[in-house]
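Bear in mind that the values here come from a model prediction, so they are computed numbers and not experimental data. Because only heavy atoms are used, hydrogens play no part in the values below, and waters and symmetry mates are left out as well, while side chains stay in. The chain is numbered in sequence order, starting from 1.
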Amino acid sequence: MEWWSRPITKQWPFMVAYIVLIGWESILQNPIPRWMIIFFQAWLVAAVIELLHWRIIKWLSYTVVYTLFITELVLEWHFGMYLSPTILTLLVETNSQESSEFLSALFRQQGVGVTIAYIALLIAANITLEMGRQRVNAAIHGKKTIKTLKGIAAVLLVSGVVFATISYAGLFSCREMNDVDEWRTHRRNPNDVVTMLAVAIYDTHLSSREMDSANEQTLHIQVIPQQLEDDSLNVILVIGESYIKNHASLYGYPLHTTPFMDAEQKAGRLFAFTDAVSPYNQTTKVIRNLISCNSQGDGEHWAAAPPLTAVFKKNGYWVSMQDNQKSTDGHVLSELFEFSLATYLYSSKMAEACYNDMNNATYDFDGQLVNAYRKNMAKGADNTHRLVVFHLMGQHVSFNCRYPMDHTFCHFTPDSTSYRKEEWLTAEMRQEIADYDNATLYNDDVIRRITELYGNSNTVVLYLSDHGEEVYDYRPRSGRDDFSYGTDIQKGILHQYCIPYIIWCSEKYMESHPDIVDRLRQRTNRPVSIDNTCQLLFHLTGLKTPYYRSNRDVLSDDYHCPPRMLNDVVNYEETMGR
């Protein structure tokens with residue numbers, strides 16, 4: 001008997017168990033290459049079992065397989081999560097008491113009996129296969145069936161080796177967490193638990209290395225001695241979510257979705273930049289490059305510069321972070337990008353260096369976050385200068401969950417888009433567009449509430465969105481993708497990367513900074529990439545810092561917009577013909 005086929009013919013019950021338990025997600029959701037990789041993984045473990053021929057190895061292998069399967073099943077069915085760097089970190093750090101409390105909570109959950117019965121059924125089926133292994137082998141021995149099965153197995157095995165080599169070589173060649181995110185996307189999100197475990201371990205390693213660099217920058221911030229303005233100054237940075245610039249009436253959308261901003265622009269207090277782009281269409285990548293004082297367009301890595309929040313705090317500002325996307329309820333973040341973003345923003349070292357105050361709760365609607373902050377505005381009252389960062393849920397999917405269901409914000413209906421005549425637009429699509437526009441209307445009201453926080457004092461507000469979105473704007477599709485725009489990449493960029501970039505000034509700020517206001521009036525048509533936002537904030541506040549670069553400051557006479565690269569691969573100017 002061929003050496004390669006012995007693990008299959010002798011250990012096929014184990015291989016069946018491995019494929020079903022470890023690869024069930026990939027088999028159901030992912031393309032054929034993933035099936036072949038799972039087959040190769042199963043064969044590899046079976047080969048070790050057959051080579052050593054120790055019963056203990058076989059039962060240890062079964063134990064590991066079932067442990068991984070049960071872990072994945074419990075995480076997904078009962079907590080809506082999967083094996084990730086955050087989960088891995090928690091498993092490593094969890095003590096015996098916490099483990100006991102977790103298991104106690106788990107067994108109190110509804111449906112846990114079904115989970116136990118399902119696992120018991122699989123174990124019983126597995127035992128039955130092992131007990132009948134010899135009889136099945138004897139029944140098909142020497143028949144043509146076994147030759148056919150061997151041929152199929154040979155094809156699967158060779159293909160699995162090839163695809164696994166390509167896949168895992170790509171993973172372990174990644175040098176940044178961003179690269180791991182890209183690898184997962186291009187590999188169609190490999191969901192088998194062994195690959196997820198490998199990704200979690202490797203991504204944790206990369207995260208640790210990047211965070212070491214970011215911490216080093218943050219803990220050794222350079223400061224230029226200076227006297228801050230005598231008058232108190234409030235700087236508010238508002239980071240929106242999934243805002244399609246072309247759905248704002250401020251930017252020409254036919255529906256009246258931004259009444260507050262429209263009125264403030266007409267009154268001369270609001271300045272809307274017309275040519276702002278986000279370097280990525282993924283929140284994590286955007287936030288890291290937005291908060292960091294690096295310049296992504298100049299090829300600078302986010303971890304090679306300190307976060308702007310730490311720079312402001314080190315220079316005497318009272319800094320508050322109000323994040324409505326932050327996990328504050330004790331549940332574990334489940335996505336890789338959430339892990340990497342939370343590590344950057346909220347690790348103990350970073351939080352201590354960057355913030356004086358953070359929110360301890362999140363809310364269904366962004367307006368509730370603003371109201372909660374308003375009740376606690378007395379914090380830091382003794383400080384004359386403050387930086388407040390709001391990270392909103394904005395227009396994140398699902399759109400109909402982003403605004404209160406009252407008459408004020410349930411304003412737009414499917415009939416509101418009757419001016420659009422595309423034949424492919426269905427009633428459901430028009431409803432989703434209406435939901436998005438209502439969320440945009442509510443977002444406009446949230447911005448109004450934020451400006452009112454310190455509207456009677458020396459205050460400047462900068463609003464931007466992390467990226468755009470598509471909601472059936474030019475094709476029958478909603479969401480974001482990786483430049484899979486068919487024949488019209490320009491429209492894809494327009495809706496996913498071109499974002500609102502807006503500055504609002506209080507009357508007192510305008511009186512105190514007439515030169516800045518004049519620059520704003522003259523320079524809103526300049527091209528800008530939001531990864532250099534810190535430079536604009538330094539200008540708006542007059543903060544003197546070694547991290548200021550006049551050539552990256554959109555209001556400066558020295559400004560030169562660096563190449564605006566989208567997802568690190570597409571040149572915006574070249575692609576849009578500018």
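With hydrogens and angles ignored, the 3.5 Å screen pairs no side-chain donor or acceptor of Asn532 with any backbone N or O of Gln535. Of the possible donor and acceptor atoms, one in the side chain of Ser213 sits under 3.5 Å from a partner among the backbone N and O of Ala303. Between the side chain of Thr459 and the backbone N or O of Tyr454, at least one donor-acceptor pair lies under 3.5 Å. At distances below 3.5 Å, at least one donor-acceptor pair connects side-chain atoms of Thr257 with backbone N or O atoms of His247. Using a distance-only test at 3.5 Å, with no hydrogens or angles considered, a donor-acceptor pair links the side chain of Gln325 to the main chain of Leu392. Of the possible polar contacts, one joining the Thr417 side chain to the Pro414 backbone as a donor-acceptor pair under 3.5 Å is found. At least one donor-acceptor pair under 3.5 Å links the side chain of Thr541 to the backbone N or O of Phe538. Distance alone, capped at 3.5 Å, is enough to place a donor-acceptor pair between the Ser478 side chain and the Glu470 backbone. Checked by atom type and distance alone, the side chain of Arg420 never pairs as donor or acceptor with a backbone atom of Arg430 at under 3.5 Å. Using modelled atom types, one side-chain atom of Tyr436 and one backbone atom of Ile244 make a donor-acceptor pair closer than 3.5 Å.
Rounding to the nearest 0.5 Å gives a distance of 10.0 Å between CD of Gln496 and CD1 of Ile489. We find the CZ-CD1 distance between Arg564 and Ile530 to be 11.5 Å, quoted to the nearest 0.5 Å. Note that CG of Leu453 and CZ of Phe390 are 5.5 Å apart. Values are rounded to the nearest 0.5 Å. Taken from CE in Met321 to CG in Leu345, the straight-line distance is 5.5 Å, to the nearest 0.5 Å. With rounding to the nearest 0.5 Å, the separation of OG in Ser167 from CE in Met36 is 13.5 Å. To the nearest 0.5 Å, the span separating CD1 on Ile239 from CD on Gln322 amounts to 12.5 Å.
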Inset, instruction - Any chance you could lay out the side-chain contact (heavy atoms from CB on, under 4.5 Å) test for Tyr344 and Ser292, step after step, and finish with the verdict? - result: CA-CA 10 Å; Tyr344 179 48; Ser292 172; 3.6 Å; yes
Legend entry - Evaluation steps, side-chain contact (heavy atoms from CB on, under 4.5 Å), between Arg552 and Asp298: CA-CA 10 Å; Arg552 299 174 185 170; Asp298 290 318; 3.2 Å; yes
Inset, instruction - Could you please spell out the steps behind the side chain to side chain donor-acceptor pair (under 3.5 Å) verdict for Gln296 and Asn289? - result: CA-CA 7 Å; Gln296 180 264 355; Asn289 285 277; over 6 Å; no
Inset, instruction - List the steps, then state whether side-chain contact (heavy atoms from CB on, under 4.5 Å) holds for Cys293 with Val311. - result: CA-CA 9 Å; Cys293 291; Val311 173; 4.1 Å; yes
Inset, instruction - Evaluate the criterion side-chain contact (heavy atoms from CB on, under 4.5 Å) for residue pair Tyr373 and Val388; output intermediate values, then yes/no. - result: CA-CA 10 Å; Tyr373 175 77; Val388 184; 3.3 Å; yes
Legend entry - Pair Asp366-Tyr442, side chain to side chain donor-acceptor pair (under 3.5 Å): steps then yes or no: CA-CA 9 Å; Asp366 290 327; Tyr442 179 67; over 6 Å; no
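The minimum heavy-atom distance between Thr258 and Ser249, with the atom names listed, is OG1-OG, 2.6 Å. Contact between Tyr363 and Asn324 at its shortest, heavy atoms only, is N-OD1, 2.8 Å. Glu469 approaches His467 most closely through the heavy-atom pair OE1-CE1, 4.2 Å. Contact record, Ser556 with Tyr548: CB-OH, 4.0 Å, taken as the closest heavy-atom pair. Considering all non-hydrogen atoms of both residues, Ile502 and Pro500 come closest at CD1-CB, 3.9 Å. The minimum heavy-atom distance between Ser416 and Leu255, with the atom names listed, is O-CD2, 3.6 Å.
Put simply, the side chain of Tyr243 does not reach to within 4.5 Å of the side chain of Ser278, judged on heavy atoms. Side-chain contact between Tyr403 and Leu441: absent, with no pair of heavy atoms (C-beta onward) separated by less than 4.5 Å. The side-chain heavy atoms of Met211 and Ser347, taken from C-beta on, include a pair separated by under 4.5 Å. Between Tyr463 and Val446, every side-chain heavy-atom pair lies at or beyond the 4.5 Å cut-off.
Contact check on Asp553 versus Arg519 returns no salt bridge, with no Lys/Arg side-chain nitrogen under 4.0 Å from an Asp/Glu carboxylate oxygen. Taking 4.0 Å as the cut-off between side-chain N and carboxylate O, Arg448 and Asp444 do not count as a salt-bridged pair. Using a cut-off of 4.0 Å between Lys/Arg side-chain N and Asp/Glu carboxylate O, Lys285 and Asp531 are scored as not salt-bridged.
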For a quick test of your reading: what N or O donor-acceptor pairs under 3.5 Å do the side chains of residues 405-412 make, sequence neighbours left out?
unit_1, atom_1, unit_2, atom_2, d
Asp406, OD1, Thr408, N, 3.0
Asp406, OD1, Phe409, N, 3.2

Show me, pair by pair, the donor-acceptor contacts under 3.5 angstrom made by side chains of residues 393-401, not counting sequence neighbours?
unit_1, atom_1, unit_2, atom_2, d
Gln395, NE2, Thr440, OG1, 3.2

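By the 30° and 60° cut-offs, the orientation of the rings of Phe273 relative to Tyr501 is perpendicular.
Using a 3.5 Å distance cut-off with no hydrogens or angles, the side chains of Asp466 and Tyr280 do not pair a donor with an acceptor. Looking only at atom types and distance, the side chain of Asp323 has a donor-acceptor partner in the side chain of Tyr346 under 3.5 Å away. A donor and an acceptor atom, one from each side chain of Asn567 and Tyr497, are located under 3.5 Å apart.
Applying the ring pair (Phe, Tyr, Trp, His ring centres under 6.0 Å) test to Tyr168 and every residue at least two apart in sequence or in another chain returns nothing. Legend: residues meeting side-chain contact (heavy atoms from CB on, under 4.5 Å) with Pro476, ordered by chain and number and at least two apart, are Trp424, Met429. Here Thr274 pairs with Asn525 under the side-chain hydrogen bond (donor to acceptor under 3.5 Å, both in side chains) rule; sequence neighbours left out.
Applying the salt bridge (Lys or Arg N to Asp or Glu O under 4.0 Å) test to residues at least two apart or on different chains, the pairs with a partner in residues 244-267 are Glu264-Arg269.
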